[in-house]
Amino acid sequence: MDYSQILFNLLDNAITALENDQNFDKKLGIIIDEDDEKYYFIIENNFPIIPSDIQTKIFDKGFTTKKDGEGGMGLYIVKSLVEKYKGTIEVISEEDLGTSFEVAIPKSQKLPPLCKSLN
């Protein structure tokens, strides 16, 4: 359930950001991969770019960029869950590239039962 919540919150944020953008060339990418040591979840979209001064705050409890003030818990929950599994989360946001959230979780951590059955 925790891994699903990480993916859902990141996808929900990416989709909402694209819906609120007026650009017609909207792109959303999802990468789920692994190597010998880690599982990776990468969610990327081409708009909007997150300013560097906000990147340091987006994982804070209650922080939101939404005009109606709603939200502010999704990325906080994501970061808390990633840390629960001793993983890392990084946001990369650059002009002409877009924004990506990259999660890495060590394989040494206990996986939820559903993931075990897929291996």
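Predicted, not measured: the structure shown is a model, and the values here were computed from it. We use all heavy atoms of the structure for the numbers below, so side chains are in, but hydrogens, waters and symmetry mates are not.
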For Phe63 and Ile58, the nearest pair of non-hydrogen atoms, with its separation, is CD2-CA, 3.7 Å
If we ignore hydrogens and angles and just use 3.5 Å, is the side chain of Lys107 paired with the main-chain N or O of Asp35 as donor and acceptor? yes
Q. Is the backbone of Thr16 close enough, under 3.5 Å, to the side chain of Asn20 for a donor and an acceptor to pair up by distance?
A. yes
Step by step, would you call Val103 with Leu10 a side chain to side chain contact (heavy atoms under 4.5 Å, CB included)?
-> CA-CA 10 Å; Val103 175; Leu10 292 175; 3.9 Å; yes
>> What I'd like to find out is whether the side chain of Glu102 reaches to under 4.5 Å of the side chain of Ile89, using heavy atoms alone.
In response: no
What one should report as the nearest heavy-atom pair of Ala14 and Leu28 is CB-CD1, 3.5 Å
Minimal heavy-atom distance between Ile6 and Val78, with the atoms involved, is O-CG2, 3.9 Å
| Within a strict 4.5 Å, meaning less than it, do heavy atoms of the Lys27 and Asn45 side chains meet? | no
To the nearest 0.5 Å, atom OH of Tyr40 lies from atom OG1 of Thr88 at 8.0 Å
Any link between Ile30 and Ile105 through a network of hydrophobic side chains (Ile, Leu, Val, Met, Phe, Trp, Tyr) touching at under 4.5 Å? yes
Practice prompt. Using modelled atom types only, decide if a donor and an acceptor are shared between the side chain of Thr99 and the backbone of Pro48 within a distance under 3.5 Å.
Written response: yes
- prompt: Is Asp33 reaching over with its side chain to a backbone N or O of Phe41, donor-acceptor style, under 3.5 angstrom?
  reply: no
In this structure, OG1 of Thr64 is separated from NZ of Lys57 (nearest 0.5 Å) by 13.0 Å
Closest heavy-atom pair, Lys38 versus Ala104, reported as atoms and distance to 0.1 Å, is CD-CB, 3.9 Å
Sidechain-backbone polar pair: Ser100 side chain, Glu44 backbone, donor-acceptor under 3.5 Å
no
Rounded to the nearest 0.5 Å, the CD1 atom of Ile43 sits from the CD1 atom of Ile15 at a distance of 9.0 Å
Checklist entry - Are Val91 and Ile32 connected in a single hydrophobic cluster, I mean Ile/Leu/Val/Met/Phe/Trp/Tyr linked by side-chain heavy atoms less than 4.5 Å apart? => result yes
Under a 4.5 Å side-chain heavy-atom rule over Ile, Leu, Val, Met, Phe, Trp and Tyr, are Met73 and Phe101 clustered together?
yes
For Gln55 and Ile50, the nearest pair of non-hydrogen atoms, with its separation, is NE2-O, 2.8 Å
Check: Thr56 side chain, Asp53 main-chain N or O, donor-acceptor pair, under 3.5 Å: yes
Beyond-backbone contact of Asn9 with Ile77, side-chain heavy atoms, under 4.5 angstrom = yes
Go through the side-chain N and O atoms of Asp60 and Tyr76 and say whether any donor and acceptor fall under 3.5 Å apart. no
* Should we say atom CZ of Phe59 is surrounded by more than 12 heavy atoms from elsewhere, each under 6.0 Å from it? -> yes
message: Do Val82 and Ile42 sit in one hydrophobic cluster, given that two such residues count as connected whenever their side-chain heavy atoms are within less than 4.5 Å of each other, even indirectly?
response: no
Checklist entry - What's the verdict on side chain to side chain contact (heavy atoms under 4.5 Å, CB included) for Glu94 and Ile49, showing C-alpha distance, side-chain angles and the deciding distance? => result CA-CA 6 Å; Glu94 299 176 11; Ile49 304 305; 5.9 Å; no
- [ ] Please confirm whether Lys26 makes a cation-pi placement over Phe47, using NZ or CZ under 6.0 Å from the six-membered ring centre and within 45° of the ring normal.
- [x] no
